[in-house]
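Single-structure report; data block below.
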Amino acid sequence: MRVSQFFLSTLKEAPAEAELASHRLMLRAGLIRRLGSGLYNWMPLGLRVLRKVEAIVREEMNKAGALELLMPAVTPAELWQETGRWEVFGPQMLKIKDRHERDFCFGPTHEEVITDIARKEIRSYKQLPLNFYQIQTKFRDEIRPRFGVMRAREFVMKDAYSFHTDKASLEQTYEVMYQTYSNIFTRLGLQFRAVRADTGAIGGTGSHEFHVLADSGEDAIAFCPDSDYAANVELAEALAPTTPRAEPAQAMQKVHTPGAKTIEQLCDFLKVTPQQTLKALAVMHNDAFSLLLLRGDHELNEIKLQKILDPFRFATPEEIERHMGGKAGYIGPVGVSVNIIADRAVTAMSDFVCGANDEGYHLAGVNFGRDLPLPTQVADIRNAVAGDPSPDGKGALEICRGIEVGHIFQLGNKYSQAMEATYLDENGQHQVMEMGCYGIGVSRIVGAAIEQGNDDRGIIFPEAIAPFQVAIAAIGFDRSETVREAAVKLHDELQNAGFDVLLDDRGERPGVMFADLELIGIPHRITIGERGLKEGQVEYQARKGGEMQTVALAEVQNFLKEACLA
RNA sequence: CGGGGUAUAGCUCAGCUUGGUAGAGCGCUGCGUUCGGGACGCAGAGGCCGCGUGUUCAAAUCACGCUACCCCGACCA
């Protein structure tokens, strides 16, 4: 491909809307253009990348025995009403009416549609198991679309759904998909991690998310460097402390702490660490008041709390005063008779600081057993933090951030039951199918890959998904017959040899060409100029860095073959 | 949804406080000079100042309404 026949639309400055590196670079490189909130045009350059991602996903899915099909993006309301998700999905679902005032939605996912296919088409256990997938545009009306294609409303997703006679078969396919996903992300050239995920209300026995590791990721992942344990921080169990509570060393005393309403202010004021403080959070469960106790440096995990109090909400200042007798900002567990739920870590605290239930005062040197009873209700209600022991007992947890690009799920029979997707078993009896589902955020992967691969000059694409593998920067293309001939010849040769090659034939100044080619992230660059051609040589530069190398023109093809494999 | 902010040339932004009829840089077009890391000169094109209603002799500028877009949003007691 020649630049003069292609469409490069690079920008020196990024539009103000973008804050994330990958979003800025995708706009600057001209991969995408915004059409509306959460809606993006994929420009020719960007589409090449997207298609390469799709191709790898498709190849690996096929290899795993999954069968590609294609379902409509617009789906009738009746199917969603059968499972109740017409209501459950809520405003995230884009609902539309046709000319006859019939209800439809733009599919946010396709469990209902595929289950409808299964119940109509599958009769016998002999047909199972089956794994169908599609690569298709989805729409979810996100509350706040952001980060470009990373959290867009319309996006491309690969979604697969498997059907089974029993759980054992489902688990088998789940394992195959787990491996397939690992293969896909490895081939894509991404650093990723499979993490345990919430099985939540949907039930089922297993679920893993696949995360591309990046500091800007929206999810926090707790992982153990000494084992393969990894879980979303929301799910990672914070174990009970193993060290016993220290004996009281201080007497309890009331200290005047004017204005110290937050843990941070309190620590500043009393010159203590957050670990020595105890914070109390007031929540309401229906009409019942509860006081939650957490160590000052820990955060409440609402998902965990919800398993104890569902639903719950934070108490209003009026409710706090009514139940505690003290003002918000200075509440504590000493001398009160309300329901108390303590985090596990709290039970190991001694000589701690907490609110005195008296505006402007805290208590210091507080100890369980002496100044107040040890809480009877103790639970894991906090987020795991770095340094916590790993739940699998092998070392300490670390926290990193990730971008969720894949999710595999053992669904069980939630949808097949609701929609009566059954088959006849060996005994001629109707049985409900077991289902699994497996998603990959195809368009999000492009953003995630750039998030993981970029520098101050632009994008650094992994070899496998770069829009072009090799760029030829022809210096003086417009005015040097020698350069023109050599560049075109090299371009044709490389193309015939199977390289995805882009020839910059614009005759631009070298700086302009280099800047553009680096911005769009092409992994390999060959520079052809009159100077080198006199010696029969060209220059090679890898996008990832490394020294500029001189290569004999005749050797370029072999050289690139090695470079591309490396 | 709640809070905050922005809207002026293709992009990044100034002008608005103090009303007087539109600006810069980049990009784009033409010509010339340049030519191994985003060149330079000259000449151009390009704007219903988001939309609407008011105030005024006069509105990008002031007021009100609308729309779009962006940012933040448990608690840290």
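It should be emphasised that the depicted structure is a prediction, and the values quoted were computed from it without experimental measurement. Convention: sequence-line order gives letters A, B, ...; per-chain numbering from 1.
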Across all strands, who's sitting opposite B:rG46 as a Watson-Crick or G-U wobble pair, both distances under 3.5 Å? none
Closest listed nucleotide, where the reference is the side chain of A:Arg509 and the choices are B:rG38, B:rC71, B:rA39: B:rA39
Cation-pi check, A:Arg444 onto A:Phe155 ring (under 6.0 Å, within 45° of axis): no
Closest to the A:Arg457 side chain: B:rG37, B:rG38, B:rC71? B:rG37
From CG of A:Leu519 over to P of B:rC26, roughly how many Å is that when rounded to an integer? 19 Å
Is it true that a side-chain atom of A:Asn357 and a backbone atom of A:Gly332 form a donor plus acceptor pair closer than 3.5 Å? yes
5′-ward residue of the pair A:Ile528/A:Ala16 relative to RNA chain B: A:Ala16
Atom-pair distance (CZ on A:Phe147; P on B:rC72), nearest Å: 6 Å
Quick check: any donor-acceptor pair below 3.5 Å linking the side-chain of A:Arg525 to the base of B:rG37? yes
Give A:Gly529 one of three labels, base, sugar-phosphate or nothing, depending on what nucleic acid heavy atoms sit under 4.0 Å from its own. base
Pick the P atom in B:rA60 and in B:rU21, then give their distance to the nearest Å. 10 Å
Among B:rG73, B:rG38, B:rG37, find the nucleotide with the atom closest to the side chain of A:Arg144. B:rG73
Hey, is the side chain of A:Glu13 pairing donor to acceptor with the base of B:rG10 inside 3.5 Å? no
So which nucleotide does B:rU18 pair with, by the Watson-Crick or G-U wobble rule with both distances under 3.5 Å? none
Nearest-angstrom distance from the residue atom CG of A:Asp268 to C1' of B:rC76: 14 Å
Using a heavy-atom cut-off of under 4.0 Å over every strand shown, decide if A:Tyr330 touches base, sugar-phosphate, or nothing. sugar-phosphate
Just the rounded figure in Å: distance from P of B:rA74 to CD of A:Glu299. 10 Å
May I ask you to check whether over 12 heavy atoms, not counting those of A:Lys95, lie within 6.0 Å of atom NZ? yes
Can you measure A:Leu8 atom CG to B:rG10 atom C1' for me and round it to whole angstrom units? 17 Å
Checking A:Glu463, A:Lys544, A:Gln469 against A:His524 for side chain to side chain donor-acceptor pair (under 3.5 Å), the one that qualifies is A:Glu463
Can you give me the closest heavy-atom contact between A:Phe368 and A:Val346, atom names plus distance? CE1-O, 3.3 Å
Integer-rounded Å distance: B:rC76 P and A:Leu305 CG: 15 Å
Picking from B:rA74, B:rC11, B:rC75, which would you name as closest to the side chain of A:Leu300? B:rA74
Taking only side-chain nitrogens and oxygens of A:Ser37, does any of them come within less than 4.0 Å of OP1 or OP2 of B:rC70? yes
Output the single nucleotide from B:rG38, B:rC69, B:rC72 whose closest atom is nearest the side chain of A:Glu19. B:rC72
Looking only at B:rC70, B:rC11, B:rG38, the nucleotide nearest the A:Glu17 side chain is B:rC70
A:Leu39 CG to B:rA68 C1': how many Å, rounded? 13 Å
With the side chain defined as heavy atoms from C-beta on, A:Ala515 is closest, among B:rC69, B:rG38, B:rC35, to B:rG38
Find which nucleotide of RNA chain B each of A:Ile320 and A:Glu508 is nearest to by heavy atoms, and output the residue with the more 5' nucleotide. A:Glu508
Test salt bridge (charged side-chain N to carboxylate O under 4.0 Å, His left out) applied to A:Lys489 and A:Glu493, step by step: CA-CA 6 Å; A:Lys489 185 158 171 274; A:Glu493 279 173 13; 3.5 Å; yes
Only pairs with both distances under 3.5 Å count, Watson-Crick or wobble alike; so what is the partner of B:rG41 in this structure? B:rC31
With salt bridge (charged side-chain N to carboxylate O under 4.0 Å, His left out) as the criterion, how do A:Arg525 and A:Glu518 come out once you've worked through the C-alpha distance, each side chain's angles and the decisive distance to 0.1 Å? CA-CA 9 Å; A:Arg525 185 182 81 210; A:Glu518 280 160 359; 3.1 Å; yes
Partner nucleotide of B:rG2 by Watson-Crick or wobble geometry (both distances under 3.5 Å): B:rC72
Would you mind classifying the nucleic acid contact of A:Gly532 as base, sugar-phosphate or nothing, using non-hydrogen atoms under 4.0 angstrom? base
Return the pairing partner of B:rC62 with a 3.5 Å limit on both distances, Watson-Crick or G-U wobble; otherwise return none. B:rG54
Using Watson-Crick geometry (N1-N3 plus N6-O4 or O6-N4) or G-U wobble (N1-O2, O6-N3), each under 3.5 Å, B:rA9 is paired with none
Options B:rA39, B:rG37, B:rC76, nucleotide nearest the side-chain atoms of A:Val512: B:rA39
For B:rA7 versus B:rC13, give the span between their P atoms, rounded off to a whole number of Å. 10 Å
Euclidean distance, atom CG of residue A:Asp504 to atom C1' of B:rG38 [Å, nearest integer]: 13 Å
Side chain of A:Gln541, base of B:rG37: donor and acceptor closer than 3.5 Å? no
